[in-house]
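Everything numeric in this text was worked out from a predicted model, so none of it was measured. Residue indices begin at 1 and follow the sequence shown.
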Amino acid sequence: MVRLVGIAVAMDRLLAQICGRRRPVADAAAAPKSRVDPDQWRFDLVRSVGEECQAERELWGVLRRTRKFFKRDFICYDGFEPSGRMHIAQGVFKAVNVNKCTSAGGVFIFWVADWFALMNDKMGGDLEKIKTVGQYFIEVWKATGMDMSKVEFRWSSDDINNNASEYWGQSLDIARKTTLARVKKCCQIMGRSEEKLTAAQIMYPVMQATDIFFLKADICQLGVDQRKVNMLARDYCDIVGRRKPVVLSHHMLYGLAQGQAKMSKSNPDSAIFMEDTPEDVERKIRKAYCPRVPEAAARSSDVEAMQLVQDELMNPCLDYLQHILFGQPDYTFSANGKAYTRYEDAKAAFLSGEISETTLKDRLIEEINKLLDPVRAHFASDPFAKDLLTKITEWKKDSAAASTTVTKLALRPPLLGDAFVIFAPLPQDFVRLEAVLGTVARLRAAPEGAERILWLEDWTAAALDHVGADEGRIRGYYELLLHGLRGVAPELMESTRVCWQGEAILAGPSEYWISVQRTN
């Protein structure tokens, strides 16, 4: 009997292995321990950065795919225009989030949007000044403790110019496949209502979506205010059938005044800035709105758009406590002789009256100044950083007027005199005789002494989806058109300069696109 039982147990174990099932184990202590997912801690760390993640399943995919199959770091991206001052959310809060992402095995790419700042006439439209402000931002992050070993700074002015065909080709494709109504939903990133948007500002979300694909980002790690344009990039992926970037949107820190959904660089008292003195910090925190119960009051119009997690209280002091102080690794908040290791406990103590408003603000002032002290010391002692700050401070005193100069497209070789430009017909499925004869007639109408130019709009044709925006078909149409023109009017074509729009743009892409923006 004992032998038969032993055989039965052995057979049961064999069947369990074959069928993938497991019999209940009577002794809990003898039960095998569940295997810990090796990516769980990485997921938890990266996920803690965002108030929202689109989508968590895809974030798991990024973490596992890059570790197991590609054997590389995953790529996170954020972009910033070097302009104005850096507030504490962009400085301290951003450094904390970057360190979380890189600790989990990511490379963080900052897209230094100096070209975009130039396009928007920041720093009076002076690119060298804009680059100096960008360097200043980098020095601030170094001083805050951002781990620079896995951080890259890519300058848009260099990258776009060096890869203009790739960048603008992608941008035109996104524009071609996105409706105007969809783009206008992203208007909040410009800080404008839909009714006041210019044509140039409508182009901005398309270009920002292009940045994501150009940088090959796995994760878009920007603020909630940029969520809509990141979702536009995901919508584009649905249309073209490519892998979507994960959108990890971090919280937008409240302004210090009542009802401010986010801080404002134009209002110095709405935020703590990285170069604020201890006296500045104390003055601003003392004045900060700090309710214990929700109060009916006017709120800024963008509250709903900036909040993914509903917060009726909107207490900026608690917001700083949660995201700036408790955002630090292993942080402990001390008040009235008691230590709080969780934000929820410290918040509850304040709401109950155990921690007074005065005590909360006293501790905030002390802790925030501790975070800013290394930045102050760096800009006081490091010669390079000190020089940057001196320059920027001087420039702030001079309110440079925004440039309104429009740079004309420079043809190569350059024009020697007046030009008479004829725009060739946009491509169709066939080159018709009337298109050839009509173009010849228009070329012959050139004034005496003017250089004839036949302009082939290959990029415009792609943007307008002519012949399916197929590059080969567009070029084929124009080659056939040229063949017909040379057959019908060979002498006329001998004295006509043929210019391809795409080639002319790529010969000076920065100047061309800045002019496009400024004329819209």
Notebook entry, point to check: Side chains of Trp141 and Val98: does their closest heavy-atom pair fall under 4.5 Å?
Noted result: no

Checklist line | Heavy-atom closest contact (Val112 atom, Pro82 atom, distance) | finding: CG1-CG, 3.7 Å

Next item on the list: Using a strict cut-off of less than 4.0 Å between a Lys/Arg side-chain nitrogen and an Asp/Glu carboxylate oxygen, indicate whether Glu58 and Arg234 qualify as a salt bridge.
Entry: yes

Next item on the list: Heavy atoms only: give me the nearest Tyr236-Asp173 pair and the separation to one decimal.
Entry: OH-OD2, 2.5 Å

Checklist line | Test item: side-chain donor near acceptor, Tyr289 and Gln260, under 3.5 Å | finding: no

Note to self: Assess the residue pair Phe80 and Lys94 against the criterion (side chain to side chain contact (heavy atoms under 4.5 Å, CB included)); give the C-alpha distance rounded to whole Å, side-chain angles, the decisive distance to 0.1 Å, and a yes or no.
What the structure shows: CA-CA 12 Å; Phe80 68 95; Lys94 191 71 212 180; over 6 Å; no

Next item on the list: Grab the two heavy atoms, one from Arg376 and one from Thr277, that are nearest each other, plus how far apart they are.
Entry: NH2-C, 3.5 Å

Margin query: Between Leu318 and Leu360, is there a side-chain heavy-atom distance shorter than 4.5 Å?
Written below: yes

Next item on the list: Verify side chain to side chain donor-acceptor pair (under 3.5 Å) between Ser156 and Asp114, making sure each step is shown before the conclusion.
Entry: CA-CA 6 Å; Ser156 66; Asp114 55 342; 2.9 Å; yes

Notebook entry, point to check: Once you round to the nearest 0.5 Å, how far does SG of Cys290 lie from NZ of Lys361?
Noted result: 5.0 Å

Notebook entry, point to check: For the atom pair CD (Glu366) and CG (Leu364), what is the distance rounded to the nearest 0.5 Å?
Noted result: 10.5 Å

Notebook entry, point to check: For Asp387 and Thr390, does a side-chain donor sit closer than 3.5 Å to a side-chain acceptor?
Noted result: no

Check: Looking at side-chain heavy atoms only, is the closest gap between Gln208 and Gln226 below 4.5 Å?
Finding: yes

Notebook entry, point to check: Does atom CZ of Arg242 have more than 12 heavy-atom neighbours, drawn from other residues, nucleotides or ligands, at distances under 6.0 Å?
Noted result: yes

Check: Does a salt bridge link Arg286 with Asp362, judged by any charged N lying under 4.0 Å from a carboxylate O?
Finding: yes

Checklist line | Pair Lys347 + Glu344, salt bridge at N-O below 4.0 Å | finding: no

Check: Would you call the rings of Phe333 and Tyr331 parallel, tilted or perpendicular, where under 30° means parallel and over 60° means perpendicular?
Finding: tilted

Note to self: Distance alone, cut at 3.5 Å: any donor-acceptor contact between the side chains of Tyr77 and Asp218?
What the structure shows: no

Check: Ignoring hydrogens and geometry, is there a side-chain-to-backbone donor-acceptor pair from Arg67 to Phe74 under 3.5 Å?
Finding: no

Notebook entry, point to check: Taking all non-hydrogen atoms of both residues, which atom of Cys186 and which atom of Leu232 are closest, and how far apart?
Noted result: SG-CD1, 3.7 Å

Note to self: Donor-acceptor check, side chain of Lys122 to backbone of Leu127, threshold 3.5 angstrom: yes or no?
What the structure shows: no

Notebook entry, point to check: Would you say Glu295's side chain and Pro291's backbone share a donor-acceptor pair under 3.5 angstrom?
Noted result: no

Next item on the list: Give a yes or no on whether a salt bridge exists between Arg47 and Asp44, defined as a side-chain N under 4.0 angstrom from a carboxylate O.
Entry: no

Notebook entry, point to check: Do Arg154 and Phe214 touch side chain to side chain, with heavy atoms closer than 4.5 Å?
Noted result: yes

Notebook entry, point to check: Are Gln501 and Thr460 linked by a side-chain donor-acceptor pair shorter than 3.5 Å?
Noted result: yes

Check: Can you name the one residue among Lys177, Arg243, Arg182, Lys244 that meets salt bridge (Lys or Arg N to Asp or Glu O under 4.0 Å) with Asp238?
Finding: Lys244

Notebook entry, point to check: Any idea how Phe153 and Phe110 line up, ring-wise: parallel (<30°), tilted (30 to 60°), or perpendicular (>60°)?
Noted result: parallel

Note to self: Given 3.5 Å as the limit, does a donor-acceptor pair link the side chain of Asp382 with the main chain of His378, or not?
What the structure shows: no

Next item on the list: Indicate the atoms forming the closest heavy-atom contact of Phe213 with Pro245, along with that distance.
Entry: CE2-CD, 4.5 Å

Checklist line | Steps toward side chain to side chain donor-acceptor pair (under 3.5 Å) verdict (Asp211, Trp111) | finding: CA-CA 8 Å; Asp211 298 340; Trp111 184 239; 3.1 Å; yes

Next item on the list: Indicate whether the side chain of Gln221 and that of His250 have a donor and an acceptor atom separated by less than 3.5 Å.
Entry: yes

Margin query: Which residue in the set Asn315, Asp319, Asp311 passes side-chain hydrogen bond (donor to acceptor under 3.5 Å, both in side chains) when paired with Tyr254?
Written below: Asp311

Margin query: Could you check whether Asp159 and Tyr167, counting side-chain N and O atoms only, form a donor-acceptor pair closer than 3.5 Å?
Written below: no

Next item on the list: Ignoring hydrogens and angles, tell me if any N or O in the side chain of Arg176 forms a donor-acceptor pair with the backbone of Ala469 under 3.5 Å.
Entry: no

Item checked: Distance, nearest 0.5 Å, that separates CZ of Phe137 from OG1 of Thr132 -> 12.5 Å

Check: So, does Ser103 use its side chain to make a donor-acceptor pair with the main chain of Asn99 at under 3.5 Å?
Finding: yes

Item checked: Sub-4.5 Å side-chain heavy-atom contact between Thr144 and Val140 -> yes

Notebook entry, point to check: Side-chain contact, heavy-atom cut-off 4.5 Å: Ile272 with Ile368?
Noted result: yes

Margin query: Can you confirm whether Glu357 sits close enough to Cys317 that some side-chain heavy atom of one is under 4.5 Å from a side-chain heavy atom of the other?
Written below: no

Next item on the list: Could you walk me through whether Phe108 and Lys150 pass side chain to side chain contact (heavy atoms under 4.5 Å, CB included), step by step?
Entry: CA-CA 6 Å; Phe108 208 102; Lys150 298 182 75 176; over 6 Å; no

Notebook entry, point to check: Of all heavy-atom pairs between Gly105 and Arg42, which one has the smallest distance, and what is that distance?
Noted result: CA-NH2, 4.4 Å

Notebook entry, point to check: Got a second to check how far Arg85's CZ is from Ile392's CD1, nearest 0.5 Å?
Noted result: 11.5 Å

Checklist line | Option among Asn230, Leu215, Val229 that satisfies the side-chain contact (heavy atoms from CB on, under 4.5 Å) test with Cys220 | finding: Asn230

Item checked: side-chain contact (heavy atoms from CB on, under 4.5 Å) partner of Phe273, the single match among His87, Met86, Gln90 -> His87

Check: Going through the checks in order, is the side chain to side chain contact (heavy atoms under 4.5 Å, CB included) test met by Asp78 and Asn97?
Finding: CA-CA 11 Å; Asp78 191 0; Asn97 287 340; over 6 Å; no

Next item on the list: Give the C-alpha distance, both sets of side-chain angles, the deciding distance and a yes or no for side chain to side chain contact (heavy atoms under 4.5 Å, CB included) between Cys53 and Leu59.
Entry: CA-CA 8 Å; Cys53 178; Leu59 177 58; 4.1 Å; yes

Notebook entry, point to check: Is Arg292 close enough and on-axis enough to Phe350, meaning under 6.0 Å and within 45°, for cation-pi?
Noted result: yes

Notebook entry, point to check: If you measure only the distance, is there a donor-acceptor pair under 3.5 Å linking the side chains of Lys131 and Ser157?
Noted result: yes

Check: In Å, rounded to the nearest 0.5 Å, how long is the span from CZ of Phe116 to OG of Ser83?
Finding: 13.5 Å

Next item on the list: Would you indicate whether the side-chain heavy atoms of Ile88 and Leu253 approach each other to under 4.5 Å?
Entry: yes

Check: With the threshold set at 4.0 Å, does a side-chain nitrogen-carboxylate oxygen contact exist between Lys370 and Glu367?
Finding: yes

Notebook entry, point to check: Looking at CZ of Arg363 and OG1 of Thr358, how far apart are the two atoms once the value is rounded to the nearest 0.5 Å?
Noted result: 14.0 Å

